[in-house]
Amino acid sequence: MGIFGGYDESKIKPLLKMAVSRFSMASNKKTALMKQQMREISKLLADNKEEKARIRAEALIRDDVTIEAYEILQLTCELLFERIKLITTSKQVPEDLKTSISTLIWASNRVDIKELGDIRKQFKSKYGKQFDMDAFENRHGVCNERVVAKLSVQPPTAFLVQTYLEKIADQFEVDWKPANRLKPDQLAEPMAAPIGYSVQVAPGSGLIPVDAYTATATNGGEDDVGTENASDAMSELGGSVGGGGYGNAAAAPSSASVASASVATSRTSVARMNDNNNNNDEKKYADDIPVAHVVQQEGNAEEPDIYIPPAPGMSNDHRKPPAKNDDFDDLEARFNRLKR
């Protein structure tokens with residue numbers, strides 16, 4: 001044992017034992033939380049919120065690989081606990097334990113196990129600062145490659161994220177297919193940033209333009225042109241509230257398509273309102289406006305007289321067509337009367 005807090009077998013041995021218990025507790029806790037996360041992701045897939053489900057799946061993968069690294073580190077602590085006598089009696093790092101000791105030092109500030117920090121101090125006092133820095137920075141690749149990969153800060157690949165989503169959908173019996181099929185060059189790349197194609201239109205107010213187009217389609221097929229324009233605009237929105245069903249990310253609706261859908265709906269509604277007003281006006285004044293009718297006299301169907309009906313509120317007696325005077329048809333009688 002060092003006089004000034006150096007290496008002490010009686011200190012590092014219980015630390016290794018406590019670290020084993022800590023790793024086991026942390027793994028069990030994360031496993032229980034992951035089951036709840038999987039149920040939440042299945043609900044998001046059922047609601048066509050694919051982008052949010054992908055982000056949750058990335059966090060799920062992070063916890064999954066962390067548990068995997070915890071189990072490897074737990075085995076490493078158990079091994080060092082069993083060989084503590086060899087470590088104590090050796091002035092140099094045993095070659096068969098060099099990777100295990102270096103891996104614990106490297107992971108000391110990358111996992112939430114506080115005992116690893118104290119274990120690192122014990123090994124630093126035993127083997128010196130140079131060995132501690134080489135292990136902490138993983139120089140010459142001395143640490144366990146699998147632990148380094150699992151605790152890396154790099155995000156998971158898009159292929160792994162989609163695989164997790166497909167497995168969750170199958171496990172919870174959710175009828176889901178990815179809206180964006182991955183291209184071969186995207187399989188090994190991180191997941192693309194969300195662009196909002198699965199975000200609902202007007203989620204706060206619930207005034208979704210789909211309702212307007214549905215009402216237009218049920219009103220006797222009027223305004224076909226406006227309806228077709230509105231339908232074309234809404235087809236860019238995915239045909240659903242959740243916006244799912246796009247063939248690729250490029251097919252996601254833009255703000256211009258949403259605006260065009262709203263404009264088409266407004267024009268359709270205004271045109272229908274004007275037609276209804278015109279029809280009502282025609283019905284209202286149809287009985288009040290007098291209309292001239294052609295009245296044919298009996299016995300003479302070749303020269304009809306025009307009969308103008310009276311204005312509303314007046315009788316028909318003084319507006320009867322005048323009787324025809326046959327005397328004026330005789331030109332000679334008319335001339336004799338002028339001579340007088």
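Tracing side-chain contacts under 4.5 Å through hydrophobic residues (I, L, V, M, F, W, Y), one reaches I105 starting from V148; they form part of the same cluster. A single hydrophobic cluster is not seen to contain both L60 and L44; linkage of ILVMFWY side chains at heavy-atom distances under 4.5 Å, directly or through other members, places them apart. I119 and M25 sit in two unconnected hydrophobic clusters of ILVMFWY residues. Membership requires side-chain heavy atoms under 4.5 Å apart, directly or through other members.
Remark: S90 pairs with no residue by the side-chain hydrogen bond (donor to acceptor under 3.5 Å, both in side chains) rule, at least two apart or across chains. Under the rule for a ring pair (Phe, Tyr, Trp, His ring centres under 6.0 Å), the partners of Y127 that lie at least two apart in sequence or sit in another chain are F131. Residues passing the side-chain hydrogen bond (donor to acceptor under 3.5 Å, both in side chains) test with Q74, sequence neighbours excluded: none. By the salt bridge (Lys or Arg N to Asp or Glu O under 4.0 Å) test, D64 pairs with no residue at all, sequence neighbours left out. Partners of R146 according to the side-chain hydrogen bond (donor to acceptor under 3.5 Å, both in side chains) rule, which considers only residues two or more places apart in sequence or in another chain, are E68. Considering only residues two or more places apart in sequence or on other chains, K91 meets the salt bridge (Lys or Arg N to Asp or Glu O under 4.0 Å) condition with none of them. Every residue meeting the side-chain hydrogen bond (donor to acceptor under 3.5 Å, both in side chains) condition with Q162, not counting sequence neighbours, appears here in chain and number order: R54.
Environment of CE in M133: crowded, with over 12 heavy atoms of neighbouring residues, nucleotides or ligands closer than 6.0 Å. Residue E145 places its CD atom among 12 or fewer non-hydrogen atoms of other residues, nucleotides or ligands, all under 6.0 Å distant.
Defined by atom type and a distance below 3.5 Å, a donor-acceptor pair is missing between the side-chain atoms of S198 and E50.
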Please tabulate, for side-chain N and O atoms in residues 28-40, each donor-acceptor pair with protein atoms closer than 3.5 Å (sequence neighbours left out).
| from | atom 1 | to | atom 2 | distance (Å) |
| --- | --- | --- | --- | --- |
| N28 | ND2 | S24 | O | 3.2 |
| T31 | OG1 | S27 | O | 2.7 |
| E40 | OE1 | R56 | NH1 | 3.2 |

Output a table of donor-acceptor pairs, distance under 3.5 Å, between side-chain atoms of residues 185-195 and any protein atom two or more places apart or on a different chain; print 'none' if there are none.
| from | atom 1 | to | atom 2 | distance (Å) |
| --- | --- | --- | --- | --- |
| Q186 | OE1 | K183 | N | 3.2 |

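Counting only distance, with no hydrogens or angles, the side chain of E58 and the backbone of P156 share no donor-acceptor pair below 3.5 Å. Without hydrogens or angle criteria, S125 side chain to K121 main chain gives a donor-acceptor distance under 3.5 Å.
Counting heavy atoms from C-beta outward, L75 and I72 have side chains that stay 4.5 Å or more apart. Looking only at side-chain heavy atoms (C-beta outward), L97 and L79 come within less than 4.5 Å of each other.
The ring-ring contact (aromatic ring centres under 6.0 Å, His included) contacts involving residues 153-191 comprise nothing, where partners must be two or more places apart or lie in separate chains. Within the structure, side chain to side chain donor-acceptor pair (under 3.5 Å) pairs that include any residue of residues 128-137 comprise R120-D132, Q130-D134, D134-R139, E137-R139 (at least two apart or interchain). Applying the side chain to side chain donor-acceptor pair (under 3.5 Å) rule to pairs touching residues 100-116 yields R22-E115, sequence neighbours excluded.
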